[in-house]
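What follows is a single structure, written as structure tokens, with notes after it.
By convention in this document, chain letters (A, B, ...) are assigned in the order of the sequence lines, proteins followed by strands, and residues within each chain are numbered from 1.
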Amino acid sequence: MPELPEVEIYRLYLESSSLHQPVEDIEVEDPKLLTTPFATLQEALKGRWFTGTERVGKNLFVFTDGPDHPEQPLILHMHFGMTGDLEYYHSSLDRPKYARIVFHFRNGFNLGFICPRKFERIGLIDDIPTYLKRKKIGKDGLIISLSELDSQIRRKKAFIKPVLMDQSTVAGLGNWIVDEVLFQARVHPEKRTENLTDDDIKRLHDAIQLVLTIAIRHEAQYRDFPIHFLIHVREWDNSPYDDVEAHKFCPRCGTRIAKSEVGGRTTYYCPNDQRL
DNA sequence: TTAGGTGTTTTGAC
DNA sequence: TGTCAAAACACCTA
């Protein structure tokens with residue numbers, strides 16, 4: 001799932017593959033995927049090229065430049081929903097499945113925006129701060145300070161899990177990362193924010209840094225994450241473990257991992273290590 | 001008013 | 001073939 005670490009990997013991928021190549025044409029299978037009218041997008045980007053990127057939480061921003069109106073900053077925004085991905089390819093024979101939006105570059109290469117579930121979005125924005133304010137997107141998970149996280153959490157009264165998934169609290173955490181953060185910090189997903197101690201929040205802040213840093217270091221390949229991570233209890237398609245039962249127990253204490261629903265999301269936690 | 005909670009959207013994998 | 005998963009947003013309630 002494209003949460004902060006995946007989007008960071010996509011950002012680096014786009015930077016290493018797709019900069020400084022004029023866009024010849026843009027192909028869009030379904031206009032629902034756009035937050036800007038197709039004609040506007042086409043008109044604005046044809047002949048321009050990508051110059052750099054910026055990421056805030058799960059949002060990827062791509063800066064552009066061009067020969068016609070170089071003084072006008074045009075920024076492309078990408079959100080990868082639940083199944084989004086990027087693939088740079090040359091031959092149409094190599095076109096990836098579900099590449100529903102494709103940027104055809106003048107050099108014959110293409111950047112495919114892959115979106116099997118159509119939860120993904122692309123569009124033009126004027127400037128990043130305005131966009132972040134309008135969408136109520138908070139500080140990025142990698143740079144938020146302990147005091148900023150503390151004040152964000154303290155102003156909300158709800159279970160900690162949905163509060164951490166709220167992009168206005170801290171940007172970039174989705175369902176599995178929040179489960180992992182709560183597990184590493186030993187905080188129950190249904191603990192009310194009013195009942196969190198200062199030490200709980202300190203451990204949550206540490207855990208956010210730990211989980212995001214390790215996920216990026218392993219290029220968001222879940223199977224490569226440390227064995228003491230909770231993520232291995234999830235039934236991934238390509239789990240590295242042959243014994244399906246073996247990873248349904250807490251890697252710290254051996255207690256069977258509990259599965260429940262919190263805030264409408266499937267939630268895994270250790271009932272022994274994470275108590276209310 | 002608005003924070004917090006719930007439902008909807010969307011499609012492929014199994 | 002039906003069920004499940006997910007993020008963001010519309011909508012509802014107190």
Inset, instruction - Check the distance between B/dG5's C1' and A/Met165's CE and give it to me in whole angstrom. - result: 13 Å
Legend entry - A/Ile114 CD1 - B/dT10 C1' separation (whole Å): 18 Å
Inset, instruction - For A/Gly264, report the nucleic acid contact type (base, sugar-phosphate, nothing); a contact means any heavy atom under 4.0 Å. - result: nothing
Legend entry - Rounded interatomic separation in angstrom, taking CZ from A/Arg121 and C1' from C/dA8: 9 Å
Inset, instruction - Between B/dG4, C/dA8, B/dT11, spot the one nearest the side chain of A/His79, thanks. - result: C/dA8
Inset, instruction - Count the heavy atoms of every other residue, nucleotide or ligand shown that sit under 6.0 Å from NZ of A/Lys139, and state whether that count exceeds 12. - result: no
Legend entry - Quiz item: A/Arg117 side-chain donor-acceptor pair to B/dT10 base, under 3.5 Å: no
Inset, instruction - Assess whether atom CG of A/Asp126 is packed by more than 12 heavy atoms of other residues, nucleotides or ligands within 6.0 Å. - result: no
Inset, instruction - Side chain of A/Met82 only, please: which of C/dA6, C/dA5, C/dA8 is the nearest? - result: C/dA6
Legend entry - Evaluation steps, salt bridge (Lys or Arg N to Asp or Glu O under 4.0 Å), between A/Asp150 and A/Lys202: CA-CA 8 Å; A/Asp150 186 88; A/Lys202 171 73 169 70; over 6 Å; no
Inset, instruction - To the nearest 0.5 Å, tell me how far A/Asn59 CG sits from A/Asp140 CG. - result: 9.5 Å
Inset, instruction - Look at the side-chain N and O atoms of A/Arg100 and state whether any lies under 4.0 Å from the OP1 or OP2 oxygen of B/dG12. - result: yes
Inset, instruction - For A/Glu120, report the nucleic acid contact type (base, sugar-phosphate, nothing); a contact means any heavy atom under 4.0 Å. - result: nothing
Inset, instruction - Assign each of A/Arg265 and A/Arg192 to its nearest nucleotide of DNA chain B by heavy atoms, then name whichever residue's nucleotide is nearer the 5' end. - result: A/Arg192
Inset, instruction - Considering just the side-chain nitrogens and oxygens of A/Lys135, establish if one lies under 4.0 Å of OP1 or OP2 belonging to C/dC9. - result: yes
Inset, instruction - Please state whether the rings of A/Phe225 and A/Phe229 are parallel, tilted or perpendicular, taking 30° and 60° as the class boundaries. - result: perpendicular
Inset, instruction - Kindly say if A/Tyr268 contacts the phosphate of C/dA5, meaning a side-chain N or O under 4.0 Å from OP1 or OP2. - result: no
Inset, instruction - Determine: side-chain N/O of A/Lys58 to OP1/OP2 of C/dA8, distance under 4.0 Å, yes or no. - result: yes
Inset, instruction - May I ask you to verify if any side-chain N or O of A/Thr83 is less than 4.0 angstrom from the OP1 or OP2 atom of B/dT11? - result: no
Inset, instruction - With heavy atoms under 4.0 Å as the rule, sort A/Tyr98 into base, sugar-phosphate or nothing. - result: sugar-phosphate
Inset, instruction - Among the candidates B/dT11, C/dA8, C/dC9, find the nucleotide nearest to the side-chain atoms of A/Gln167. - result: C/dA8
Inset, instruction - State whether the aromatic ring of A/Phe119 stacks on the base of C/dA6, taking stacking to mean ring centres under 5.5 Å apart and ring planes under 30° to each other. - result: yes
Inset, instruction - Can you figure out which of B/dG4, B/dG12, B/dT11 approaches the side chain of A/Lys118 most closely? - result: B/dT11
